[in-house]
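The structure under discussion appears below in the form of structure tokens.
If you're wondering where the values come from, they're calculated on a predicted model, not measured in any experiment. All residue numbers in this chain count up from 1 along the given sequence. Both backbone and side-chain heavy atoms feed into the values below; hydrogens, waters and symmetry mates do not.
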Amino acid sequence: MKLDRMIGILSILLQQEKVTAPYLAEKFEVSRRTISRDIEALCMAGIPLATTPGQNGGISIMEGYKIDRTLLSRSDMQAILAGLRSLDSVSGTRRYAQLMEKLSAGASSLLAGDTHILIDLSSWYKASLSPKIELLHGAILSAHRVSFTYFAPKGESGRTVEPYDLIFQWSSWYLWGWCSNREDFRLFKLNRMTGLKLEKPFQKRPAPLPDLSPERVFPNVYQVKAKIRPEFKWRLVEEYGPDSFVEQPDRSLLFSTGFTDRENLICWIASFGEGAELLEPVEFRQEMLKFAEGIRKIYLEP
């Protein structure tokens, strides 16, 4: 891609005093004419580059131009490369690894990035997730609608969507787009999509970014208190943090937080088995009893 190549050229020029057009052409596997066009585009973008003919000639950033050649420190570059490597974990390609090579050209010690920060965004569903991300990313860039079957708590439905953004949030991947069924912007979880297909092109409309603040997405509708056995302390720390409970004299844990959804609350308490007792809201205690009796009935029937 032209942008990738121009970033790579600028990175080399920031690290080396002078380079030749043949060197750049070989490095990026393009013709010298293409490199000349890239240099011209960089100049038009406000980067004053000088070309010197002759045996010791080459391309360089003009003398006196106020640009910090250490614009990206070693730690900066390593952070960028670690992030780029994480994108390859979901793309199913080496596209971002190749961009890493271009960014770190002339500084091979930076090529590996920070090897102590390993980011894998692919989740457990990499085999099915990567093709979805590739198709949706392509649809966003080319402004093509997509269609799919979507599975939600209220049931399954066919959707046609104008895609605008891919979002990694709450340990999952989502698509933000205009849903023709709802005539509004919606957030769709990729793991709930099946039968994903590319459809006809569309004219892009002004697209606001989604409000993903916890207050907006997970409002505290129910204030919950529960008594949790001490052997489940690790779960409370992992899921809600060490400030979500107070250890009692008998070593039990008094858990307190806000919940958005009643069904999720009941299922979450039930997931502890006999290790948790819901204290508040008091009216939910009867619902917990009905939930438990329903399960008991299933296993008592022959």
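Hydrophobic clustering of Ile, Leu, Val, Met, Phe, Trp and Tyr side chains at less than 4.5 Å, counting indirect connections, unites Ile266 with Ile295. The hydrophobic clustering, which links ILVMFWY residues whose side-chain heavy atoms are closer than 4.5 Å, places Val146 and Trp176 apart. Linking ILVMFWY residues whenever their side-chain heavy atoms come closer than 4.5 Å, directly or via other members, places Val30 and Ile39 in the same cluster. Two different hydrophobic clusters hold Val217 and Leu175 under the rule that ILVMFWY side chains link at heavy-atom gaps under 4.5 Å. No continuous path of hydrophobic side-chain contacts links Phe218 to Ile269 [ILVMFWY only; heavy atoms under 4.5 Å].
Annotation: the span from Phe245 atom CZ to Ile228 atom CD1 amounts to 10.5 Å, rounded to 0.5 Å. Within the model, atoms NE2 of His144 and CG of Leu135 stand 10.5 Å from one another, a figure rounded to the nearest 0.5 Å. Separation of atoms OG1 (Thr149) and NZ (Lys197) is listed at 8.5 Å; rounding is to 0.5 Å. Once rounded to the nearest 0.5 Å, the distance linking CG of Leu190 with CD1 of Ile167 reads 10.5 Å. Rounding to the nearest 0.5 Å places CD1 of Ile61 at 7.0 Å from CD1 of Ile47. Atom-to-atom distance recorded for Glu293:CD and Lys297:NZ is 10.5 Å, nearest 0.5 angstrom.
Heavy-atom neighbours of Glu40 CD from other residues, nucleotides or ligands within 6.0 Å: at or below the threshold of 12. Atom CD of Gln286 is surrounded by 12 or fewer heavy atoms from other residues, nucleotides or ligands within 6.0 Å. With a 6.0 Å radius and a threshold of 12 heavy atoms from other residues, nucleotides or ligands, Gln248 has its CD atom above the threshold. A 6.0 Å sphere centred on CZ of Arg205 holds more than 12 heavy atoms belonging to other residues, nucleotides or ligands.
By the side chain to side chain donor-acceptor pair (under 3.5 Å) test, Glu199 is found to be paired with Ser147, residues two or more places apart in sequence or in another chain being considered. The side-chain contact (heavy atoms from CB on, under 4.5 Å) test applied to Glu26 returns no partner, not counting sequence neighbours.
Residues Asp261 and Asn264 approach most closely at OD2-N, 2.8 Å, considering heavy atoms. Nearest heavy atoms, Gly57 versus Thr20: O-CG2, 3.9 Å. Nearest heavy atom pair, residue Leu196 against residue Met193, reads CD1-SD, 4.4 Å. Contact detail for Phe202 and Pro163: the closest heavy-atom pair is CE2-CD, 3.6 Å. Here the closest heavy-atom approach between residue Lys225 and residue Leu278 is recorded as O-CD1, 3.6 Å. Taking both residues in full, the closest heavy atoms of Leu13 and Ile59 are given as CD2-O, 3.6 Å, listed atom of the first, atom of the second, then distance.
Of the possible polar contacts, none joining the Arg192 side chain to the Tyr150 backbone as a donor-acceptor pair under 3.5 Å is found. Under the 3.5 Å distance criterion, the side-chain polar atoms of Ser142 are matched with a main-chain donor or acceptor of Gly138. For Thr260 (side chain) and Pro219 (main-chain N/O), a donor-acceptor pair under 3.5 Å exists by modelled atom type. The backbone N or O of Ser244 sits nowhere less than 3.5 Å from a side-chain atom of Thr257 that would complete a donor-acceptor pair.
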| message | Under the criterion side-chain contact (heavy atoms from CB on, under 4.5 Å), I'd like the reasoning laid out for Phe28 against Thr34: C-alpha separation, chi angles, the key distance, then a yes or no. | response | CA-CA 10 Å; Phe28 296 101; Thr34 297; over 6 Å; no
| Yes or no on salt bridge (Lys or Arg N to Asp or Glu O under 4.0 Å) for Arg229 and Asp250, after CA distance, side-chain angles and deciding distance? | CA-CA 10 Å; Arg229 286 185 181 176; Asp250 63 354; over 6 Å; no
| Residues Lys132, Trp173; criterion side-chain contact (heavy atoms from CB on, under 4.5 Å); working and verdict | CA-CA 10 Å; Lys132 289 180 183 177; Trp173 282 92; over 6 Å; no
| task | Please step through side-chain contact (heavy atoms from CB on, under 4.5 Å) for the pair Ile133 and Ser130, ending with a clear verdict. | result | CA-CA 5 Å; Ile133 290 176; Ser130 293; 5.8 Å; no
| message | Checking Leu265 against Phe284 for the side-chain contact (heavy atoms from CB on, under 4.5 Å) test, could you report, in this order, the C-alpha distance in whole Å, the side-chain angles of both residues, the deciding distance, and whether it holds? | response | CA-CA 9 Å; Leu265 163 60; Phe284 283 13; 3.3 Å; yes
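Under the 4.0 Å criterion applied to side-chain N and carboxylate O atoms, Asp38 and Arg32 are not assigned as salt-bridge partners. Arg262 and Glu287 are joined by a salt bridge, as a carboxylate oxygen and a charged side-chain nitrogen come within less than 4.0 angstrom of each other. Residues Glu277 and Arg285 are paired through a salt bridge, judged by an N-O separation under 4.0 Å between the basic side chain and the carboxylate. Salt bridge status for Glu162 with Lys204: absent, with no side-chain N to carboxylate O gap under 4.0 Å.
Checked against Tyr164 for a ring pair (Phe, Tyr, Trp, His ring centres under 6.0 Å), the options Phe185, Trp178, Phe188 give a single hit: Phe185.
Between Phe255 and Leu279 there is no side-chain heavy-atom pair separated by less than 4.5 Å. At least one side-chain heavy atom of Trp170 sits under 4.5 Å from a side-chain heavy atom of Leu212. Side chains of Ser157 and Asn181 form no contact here, defined as non-hydrogen atoms less than 4.5 Å apart. Within the 4.5 Å cutoff, the side chain of His137 has heavy atoms near those of the Leu166 side chain.
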Without placing hydrogens or testing angles, list every side-chain donor-acceptor pair under 3.5 Å for residues 235-242, not counting sequence neighbours.
residue: Arg235; atom: NE; partner: Glu239; partner atom: OE2; Å: 3.0
residue: Arg235; atom: NH1; partner: Ser271; partner atom: OG; Å: 3.2
residue: Arg235; atom: NH2; partner: Glu239; partner atom: OE2; Å: 3.4
residue: Arg235; atom: NH2; partner: Ser271; partner atom: OG; Å: 3.2
residue: Glu239; atom: OE1; partner: Trp268; partner atom: NE1; Å: 2.7

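No close placement of the Tyr222 and Phe259 rings is indicated, their centers lying 6.0 Å or farther apart.
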